[in-house]
Amino acid sequence: MSTTASDPLATLGSLPGVPDAVDSVRKAVDRVYGHRVMRRRSNEVTAEAALRGSRGSAALAGADWNLEEVRRRTDFSGEDEARTVGAALRLTAEAGQLLSIWRQSPLRVLARLHLVAAGGAAPDDAVGRPRLAGEPVDEPLIEAPLPGADEVAGRLEGLSQLIIAGTVAPALVTAAVVHGELLALRPFGSHNGLVARTAERIVLIGSGLDPKSICPAEVGHAEQGRAAYVAAFEGYTTGTPEGLAAWIAHCGRSVELGVRESTAVCEALQRGAA
């Protein structure tokens, strides 16, 4: 990610294809927010979007459970997949509590997210802090070269400063970069994908694009599939304009698919079927 411009995120907004992706996402979000069900039952849509977003994020992390199983289950302390689903659910619930902190202290939020995701499953001294030199990372989906601990610390600080300083970049661009950078760095020993997707959610909510959290990008990431997710992310890691634009467009399409999911929820509520 280039840091040569005064507002590097804003420069990404003008990459070929990105303005169209931003416009398409905005129109899709506006349509679902304009649905008549949102006037009186937005809390129900938000709750359902949270559940479906959690399921999607967990699926990308290797726990591809049926939605009804996620809805039915109460104990997530057993096998690895159950713990992954439980972590995704906890993170989604936590995201809304951290919005006010994100703009002032994003690194504090990331530490909290990892603590919530780990849920006591990792050694205490490894939870909620960036990994140290030589510490392993458990993130099987992402096989890109792993940056060293010093590079992780420097890039996390740079990302934090960008967020604190603010940007005129569209919310989609900022969310995609936060997501991509955290995947690239894998700053924690575990749960980096879950944390990265939750951070994307926080940006989309906090930016005002999706203030009620009814457009779960995680649903779209999962629907497009793990292979497409990894391929788009690999474009991000190239740092080329084409690769960055492709990643942003992929994230945009994920938001649109999340919108489609919540629109279906609205329609079901309107019919009295949900």
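All heavy atoms count here, side chains included; hydrogens, waters and symmetry mates do not. Predicted model, so just to flag it, every value in this text is computed and none were measured.
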Check your understanding: Can you check whether Arg112 reaches Leu98 side chain to side chain, under 4.5 Å on heavy atoms?
Key -> yes
Practice item. Indicate the atoms forming the closest heavy-atom contact of Ala95 with Thr198, along with that distance. Key: CB-CG2, 3.9 Å
Check your understanding: Salt bridge check: are Glu135 and Arg129 linked by an N-O gap of less than 4.0 Å?
Key -> yes
Practice item. Output yes when Arg201 and Glu94 qualify as a salt bridge under the 4.0 Å nitrogen-oxygen rule, no when they do not. Key: no
Review point. Are the side chains of Leu185 and Leu159 in touch, meaning some heavy atoms are under 4.5 Å apart?
Key: no
Point to revise | Thr238 side chain to Gly235 backbone, donor-acceptor under 3.5 Å | key: yes
Practice item. Give the cluster check for Leu194 versus Leu146: same hydrophobic cluster or not, with ILVMFWY residues linked at side-chain heavy-atom distances below 4.5 Å. Key: no
Point to revise | hydrophobic_cluster_shared for Val22 and Val259, side chain cutoff 4.5 Å | key: yes
Check your understanding: Do Ile214 and Ser42 touch side chain to side chain, with heavy atoms closer than 4.5 Å?
Key -> no
Point to revise | Salt-bridge contact Arg73-Glu69 (side-chain N to carboxylate O under 4.0 Å) | key: yes
Review point. Any Lys/Arg nitrogen of Glu261 or Arg52 sitting under 4.0 Å from an Asp/Glu carboxylate oxygen of the other?
Key: yes
Practice item. To the nearest 0.5 angstrom, please state how far the CD atom of Glu256 sits from the CZ atom of Arg260. Key: 10.0 Å
Revision key, fill the gap. Distance col, row Gln224:CD vs Arg253:CZ, nearest 0.5 angstrom, shows 6.5 Å
Review point. Would one find more than 12 heavy atoms of other residues, nucleotides or ligands at under 6.0 Å from atom CD of Glu143?
Key: no
Review point. Is there a donor-acceptor pair under 3.5 Å between the side chain of Arg41 and the backbone N or O of Leu269?
Key: yes
Review point. Are Ile101 and Leu107 linked, directly or through other ILVMFWY residues, by side chains that come within less than 4.5 angstrom of each other?
Key: yes
Review point. Hey, any chance Val85 and Leu51 share a hydrophobic cluster, counting ILVMFWY side chains that come within less than 4.5 Å of each other, even indirectly?
Key: yes
Check your understanding: What's the shortest heavy-atom distance between Leu89 and Phe76, and which atoms?
Key -> CD1-CZ, 3.5 Å
Review point. Where do Leu183 and Asn192 land on the side chain to side chain contact (heavy atoms under 4.5 Å, CB included) test, with the steps shown first?
Key: CA-CA 7 Å; Leu183 278 185; Asn192 289 288; 5.6 Å; no
Review point. Could you give the distance from OG (Ser160) to CH2 (Trp102), rounded to the nearest 0.5 Å?
Key: 8.0 Å
Practice item. For the residue pair Ser262 and Pro216, establish whether any side-chain heavy-atom pair is separated by less than 4.5 Å. Key: yes
Point to revise | Verdict with supporting geometry, Glu48 and Arg71, salt bridge (Lys or Arg N to Asp or Glu O under 4.0 Å) | key: CA-CA 10 Å; Glu48 190 65 20; Arg71 196 190 305 278; 2.8 Å; yes
Revision key, fill the gap. For Ala217, the side-chain contact (heavy atoms from CB on, under 4.5 Å) test, sequence neighbours excluded, returns Glu200, Leu204, His221, Ser254, Val255
Check your understanding: Hey, does Asp210 have a side-chain heavy atom less than 4.5 Å from the side chain of Tyr33?
Key -> yes
Exercise for review: Would you check, one step at a time, whether the test side chain to side chain contact (heavy atoms under 4.5 Å, CB included) holds for Leu209 with Val25?
Suggested key: CA-CA 9 Å; Leu209 176 66; Val25 166; 4.0 Å; yes
Study note, to complete from the structure: Between Ala50 and Thr92 the two heavy atoms that sit nearest each other are CB-CG2, 3.5 Å
Check your understanding: Roughly how far, to the nearest 0.5 Å, is CD of Glu181 from CZ of Arg155?
Key -> 4.0 Å
**Study point:** Test side chain to side chain contact (heavy atoms under 4.5 Å, CB included) applied to Leu156 and Leu110, step by step
**Key:** CA-CA 10 Å; Leu156 276 179; Leu110 293 176; 4.2 Å; yes
Review point. For the side chain of Thr237 and the backbone of Glu234, is there at least one donor-acceptor N/O pair under 3.5 Å apart?
Key: yes
Exercise for review: Begin from the C-alpha positions of Arg31 and Thr263 and carry the test side chain to side chain contact (heavy atoms under 4.5 Å, CB included) through to its verdict.
Suggested key: CA-CA 9 Å; Arg31 283 195 299 272; Thr263 300; over 6 Å; no
Practice item. Could you grab the distance from atom CZ of Arg103 to atom OG of Ser207, nearest 0.5 Å is fine? Key: 10.0 Å
Review point. CG of Asp75: more than 12 outside heavy atoms within 6.0 angstrom?
Key: yes
Practice item. Measure across Asp7 and Val168 and return the closest heavy-atom pair with its distance rounded to 0.1 Å. Key: OD2-N, 3.1 Å
Review point. Looking at NE2 of His191 and CG of Asp138, how far apart are the two atoms once the value is rounded to the nearest 0.5 Å?
Key: 8.0 Å
**Study point:** Shortest non-hydrogen contact between Gly239 and Leu244, atoms and distance
**Key:** O-CD1, 3.7 Å
Check your understanding: Closest approach of Ala117 and Leu91, non-hydrogen atoms and distance?
Key -> CB-CD1, 3.8 Å
Check your understanding: Among the clusters formed by ILVMFWY side chains lying less than 4.5 Å apart, do Leu60 and Tyr236 turn up in the same one?
Key -> yes
